[in-house]
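A short write-up of the structure that comes next.
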2 protein chains.
Amino acid sequence: MLTDRQLLILQVIIDDFIRSAQPVGSRSLSKKNEIQFSSATVRNEMSDLEEMGFIEKTHTSSGRVPSEKGYRFYVDHLLSPQALQQQDISQIHSIFAERIFEMENIVQRSAKILSELTNYTSIVLGPNQQENRVKQIQVVPLSEGTAIAIIVTDTGHVESRRFSFPKDLKAEDIEQMVRLLNDRLAGTPLMELHDRLYKEMAILLKRHIANYDLMLQAFAEIMNVPVHDKLFFGGKMNMMNQPEFSDIEKLRLLMDMIEREDNLYNLIRPAEGIGIQVKIGKENENAAMENCSLITATFPIASGQKGSLAILGPTRMEYSRVISLLNMLSGDLSKALSNLYGKSQER
Amino acid sequence: MLTDRQLLILQVIIDDFIRSAQPVGSRSLSKKNEIQFSSATVRNEMSDLEEMGFIEKTHTSSGRVPSEKGYRFYVDHLLSPQALQQQDISQIHSIFAERIFEMENIVQRSAKILSELTNYTSIVLGPNQQENRVKQIQVVPLSEGTAIAIIVTDTGHVESRRFSFPKDLKAEDIEQMVRLLNDRLAGTPLMELHDRLYKEMAILLKRHIANYDLMLQAFAEIMNVPVHDKLFFGGKMNMMNQPEFSDIEKLRLLMDMIEREDNLYNLIRPAEGIGIQVKIGKENENAAMENCSLITATFPIASGQKGSLAILGPTRMEYSRVISLLNMLSGDLSKALSNLYGKSQER
DNA sequence: GTTAGCACTCTGTTAACACGAGTGCTAAAT
DNA sequence: ATTTAGCACTCGTGTTAACAGAGTGCTAAC
């Protein structure tokens, strides 16, 4: 395997490159305090490291640059968990300083702060709304033939949908419908709503309500709550500041990919458990992200759901710092959201 | 003033530059079909046009480029209203193809289509929610001490806010409060809500409700609906495709400005009446937009409110086409939203 | 009033060249 | 057996000069 000296040199190369974005050469390395050997020695070691695939040359006589394998090794074995600056900590706490009652708010602020602290792009995925349960359904008539349907979930999320109905539906029909819906559907997860409406409710409605088919039709599309959750972004433009994207073509590729959120969704939400996950370069299996790394933190929320935080940066990313930040923030978010959701799930 | 020939030449210069983004020279002009004179003649005319400030040179021996004054003249006097392509028309109609019941939806789609048709950035501002009137106020308790307050407006807009209240408030207190609020505040414009709550309601509440101060406090912040409306964007990144923003520094400046929405808000919402307004380059009074033009279409909505559509592009913009598109879409939007809002404002 | 012709200017591209940073290898030093 | 000094070689960068191409302005001829 690698000797201690090789480990040291690899670490210093990567640290230096992360800072400077410049290929690092043997001479500049040998001048560093950590490195006590001559440049020639360093050269020999670098040659070995290159042979093993941890570092690369950009051209025959250039300094070395970490390869993806190098970053992977660095992340897996060389990362010294770095203590956060006091400043960072207080910034993160500022997210929770005000009493906040909306999930969206807290999540949006987290994304913002995270991107400001790192100068990368942050992506936050709140808990899955699909698993929320119906607390109450209401209908507010607006004018003849139109009304607003409102679904409140146990987590305090409110969905509203405008709909129209045939004029021959009477106000009392609708009221009765709403009563029935509330009786039967309270506690149903949003994702099952549409199905249950058709399967269970249809029979029931037929018995109780005139014009049940018209009614059903009117409500059917309302109950179709969006398939997946909103992603919240911070610092979408931060990648412009990274030298690897000074080429506008690469930038465009990346931005286009970010805009097509559905792609991202799958990248952010990792099937596997809790904790930090690092995807480096091509590990992301997306051409636009081959110069990027994505660090994802998945955290539990009391109700059994999960939330995710992610940072998208260049492969040349401050892994240590970002991981520390994500660790801390995901812990705090876990607590805060659990609190928010837990409370409201008492019945 | 300008001779016919000068008008012609100015027009051709600008049209050509808008297409090519390249300075246009006398020789290439004289080769065009519209131009029957020799390059020398054209040179003389161009020299005059330059003296009058309509065109500029980028360096001593370059072709000419339209100045802001040139664009202004072009927009005011030379624009031939261009017939829209059938394709454009059907794209726009596709926005309204589905039956749509939410303002947000329709507005978001408009922004998207508009940016796709033009390759510029589109900004849409829906009708002002602040003037909407309260239709119904509801409170749904979530758990001990927290509840969701929901305000439905006559336009079908739903605002919800989570809030907490002291435990010694009883359920019936809250119910009574909601009844009172509905009795007294129905029909109040959102913008007056907060004030009226404090001024009129306070007295009333004092008489009817125990713990009225706690109650008031809980409701006060809920009634603070956001100051101004959401802007909807389409094609935020489209400016990357414009050669004037191949310099990443300029791009960043512009993007930063777009991200700070509050600035934009004032630019989009023109105090003056209805119709199309064109702001060219420095007329926008914003350093980041000195290479941009902003075309705004303000249109009426039945209820007496106004909506705005805007296109942000480089000064070298396809004015004619954009104006035609905006004219058409703003007409359609005006109808569609009036319809949506008009209906629901019958009492 | 129009145009042909010409000198002049600026840009962009290419080739040549020197310089600096870096490497690989060999031989000497430890 | 390691480590290091030295040297030849390679590549990228920056500078300079030369040159073609596109355009202008001016003058003189039409």
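The chains referred to below are lettered A, B, ... by the order of the sequence lines, with proteins before strands, and numbering in each begins at 1.
- Between Leu49(B) atom CG and Asn44(B) atom CG the span is 11.0 Å, to the nearest 0.5 Å.
- The distance from atom CD1 of Ile35(B) to atom C1' of dT2(C) is 15 Å, rounded to the nearest whole Å.
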- [ ] For nucleotides 25-30 of chain D, just jot down a letter per nucleotide in 5' to 3' order: B, S or -, based on protein non-hydrogen atoms under 4.0 Å.
- [x] BB----
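- A distance of 12.5 Å separates CZ in Arg321(B) from CD1 in Ile323(B), rounded to the nearest 0.5 Å.
- Considering only residues two or more places apart in sequence or on other chains, Lys69(B) meets the salt bridge (charged side-chain N to carboxylate O under 4.0 Å, His left out) condition with none of them.
- If you measure from atom NE2 of His59(B) to atom C1' of dT24(D), you get 10 Å, rounded to the nearest angstrom.
- Put simply, the side chain of Ser38(B) and the base of dT3(C) share no donor and acceptor less than 3.5 Å apart.
- At whole-Å resolution of the value, CZ in Phe37(B) and C1' in dT3(C) are 13 Å apart.
- With rounding to the nearest 0.5 Å, the separation of CG in Leu251(B) from CD in Gln242(B) is 11.0 Å.
- Between Tyr319(B) and Tyr74(B), the angle of the ring planes goes over 60°, which puts this pair in the perpendicular group of the 30/60° scheme.
- Along DNA chain C, the nucleotide nearest to Gln36(B) and the one nearest to Ser62(B) differ in position, and the one closer to the 5' end is contacted by Gln36(B).
- When the side-chain nitrogen and oxygen atoms of Thr41(B) are compared with OP1 and OP2 of dT3(C), one or more of them lie within a distance under 4.0 Å.
- Residues of residues 8-34 of chain A having a heavy atom closer than 4.0 Å to DNA chain C, listed by number: Gly25(A), Ser26(A).
- By the 6.0 Å contact criterion, CZ on Arg27(A) is open, its count of non-hydrogen atoms from other residues, nucleotides or ligands being 12 or less.
- Sparse packing is recorded around CD of Glu51(B), with 12 or fewer heavy atoms of other residues, nucleotides or ligands lying under 6.0 Å away.
- For NZ of Lys57(B), the number of neighbouring non-hydrogen atoms (other residues, nucleotides, ligands) closer than 6.0 Å is greater than 12.
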